[in-house]
Amino acid sequence: MSGKDFESLEKVLETYVPEAELREVRRLLFGKELKKLNLAQSAIDAAVEQDFDLKGYVFEASPEQLRPPRTVRVGLIQNKIVLPTDAPVLEQIIALHKRVGEMVEVAAMCGVNIVCFQEAWTMPFAFCTREREPWTEFAESAEDGLTTRFCIQLAKKYNMVVVSPILERDEIHGGTLWNTAVVVSNNGNVLGKSRKNHIPRVGDFNESTYYMEGNTGHTVFQTQFGKIAVNICYGRHHPLNWLMYSVHGAEIIFNPSATVGLLSEPMWPIEARNAAIANHCFTCAINRVGTEYFKNEFTSGDGKKAHRDFGHFYGSSYVAAPDGSRSPGLSRTRDGLLVTEMDLNLNRQVADKWNFKMTGRYEMYAEELKKAVQHDFKPNIVKE
Ligand SMILES: NC(=O)NCCC(=O)O
């Protein structure tokens, strides 16, 4: 069975590990067992009819005396592109709006308050090609582009915060392109945008050809349902990036991604989960699904034969909690909607137990890092 036909690790465990041991295997691999979320039958039926994976889980917190629970439902959407990559640009965008719009409708049936889509969700992940046309034509204004206007409609219709990662064209700065997540409030206002801070230079991820490192820092968006931030894809390999969103107060950090099996799959279940633990917050990792073929072959200077695809985008979107527990992942092969209900009180409860923020010694690291980035830095090494 090849990587692109392998449904999920969870499925294999369920099929082959005896019932008696399965619970313990799951505890060791995924942390405390999560209750399944009771989803509306209409949502379950719609997911079957529209052929996507639908899963729902609950992250509970202990009851407190002074604070009521702060319960929020979060939806993560992973999907394949709908049309071939050489279809007209606008048709590709509209087809993706339609597909994802239908999935958002199901998210609404599940009571989702905040939904997040995958990285550059309105387009094929064409940055491997290094070609300009037609890919730069997918770029849109974050404030009032076609996709943002579409998300505003969704947000108003479903009273839902929408996190929409797009390729941004910034007309105010000479038409510069950015890799940007637009955050639309549940009232339909553009709350703001967060740009990708770290750009990959690995494998076929030739993204540095298209856009620069983001300049929006570590913005946190205060929504009606909690404080959220967006750490786009490759930023998940940078612990300081997660840390800074958390330092600015993020309670949930989304990680909309596009990554392929041979490159990153063993790292995927670890990185966002570790960030949730280290920063006493929830993290939501979202990856696209499927294999996308391009008309022209490309190479990436790594000795590989010219090829027309990136490899398999393995989906497997999941949510991790500050106590180290995590939801099972969505399918590796199918579109999917993951709905999780989380009590944000868990963040402080875990912080009070483990005290990573309190014991973090950030002033010591700030001081040392300030010196370490100087050109004349002398490493502190004792020699005989
Ligand atoms: N989209 C993106 O940044 N991908 C880079 C590869 C990875 O981080 O796994």
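Remember, it's 1-based here, ligands and their atoms both numbered in the order they're listed.
If you look at Ile199 next to ligand 1, there are no close heavy atoms at all, none under 4.0 Å.
Ring geometry for Phe125 versus Phe310: interplanar angle of 30 to 60°, hence tilted.
Annotation: cation-pi pair Arg308/Phe294 absent, no NZ/CZ under 6.0 Å from the ring centroid and within 45° of its normal. Arg132 forms a cation-pi arrangement with Tyr210, by the criterion of a distance under 6.0 Å to the ring centre and an angle within 45° of the ring axis.
Here is the list of ligand 1 atoms found below 4.0 Å of a heavy atom in Pro200: 2 (C), 3 (O), 5 (C). Close contacts between ligand 1 and Phe125 involve ligand atoms 1 (N) [criterion: under 4.0 Å to a heavy atom]. Numbered from 1 in the order shown, with element, the atoms of ligand 1 that lie under 4.0 Å from a heavy atom of Leu263 read 6 (C). Atoms of ligand 1 found under 4.0 Å from any heavy atom of Ser264, numbered from 1 in the order shown, are 9 (O). The distance from ligand 1 to the heavy atoms of Tyr234 drops below 4.0 Å at these ligand atoms: 3 (O), 8 (O).
Nearest protein neighbour of atom 5 (C) of ligand 1, counting heavy atoms only, is Phe205 CD2, 3.5 Å. Nearest to atom 3 (O) of ligand 1 among the protein's heavy atoms is Lys196 NZ, 2.8 Å. Nearest protein neighbour of atom 8 (O) of ligand 1, counting heavy atoms only, is His237 NE2, 2.6 Å. Atom 2 (C) of ligand 1 has its closest protein heavy atom at Cys233 SG, 2.9 Å. Ranking protein heavy atoms by distance to atom 9 (O) of ligand 1, first place goes to Thr259 OG1, 2.6 Å. Nearest protein heavy-atom neighbour of atom 1 (N) of ligand 1: Glu119 OE1, 2.8 Å.
One side chain, Ser164 or Trp121, offers a donor N or O that lies under 3.5 Å from an acceptor on the other. No donor-acceptor contact under 3.5 angstrom links the side chains of Gln78 and Asp335, judged on distance only. For the residue pair Asn186/Thr223, the side-chain donor-acceptor check at 3.5 Å is not satisfied.
For residues 346-356, the side chain to side chain donor-acceptor pair (under 3.5 Å) pairs, not counting sequence neighbours, are Glu64-Gln349. Sequence neighbours left out, the pairs with a member in residues 286-298 that pass side chain to side chain donor-acceptor pair (under 3.5 Å) are Glu131-Asn296, Arg288-Glu292.
Between Ala258 and ligand 1, an N or O atom pair is found at a separation short of 3.5 Å.
More than 12 heavy atoms of other residues, nucleotides or ligands lie within 6.0 Å of CZ in Arg201, so this atom counts as buried by the packing criterion.
Within the 4.0 Å heavy-atom shell around ligand 1 one does not find Met267. Contact annotation: Glu207 has at least one heavy atom less than 4.0 Å from an atom of ligand 1. Using a 4.0 Å heavy-atom cutoff, Trp268 is absent from the residues neighbouring ligand 1.
When atom types are taken as modelled, the side chain of Glu341 and the backbone of Tyr57 share no donor-acceptor pair closer than 3.5 angstrom.
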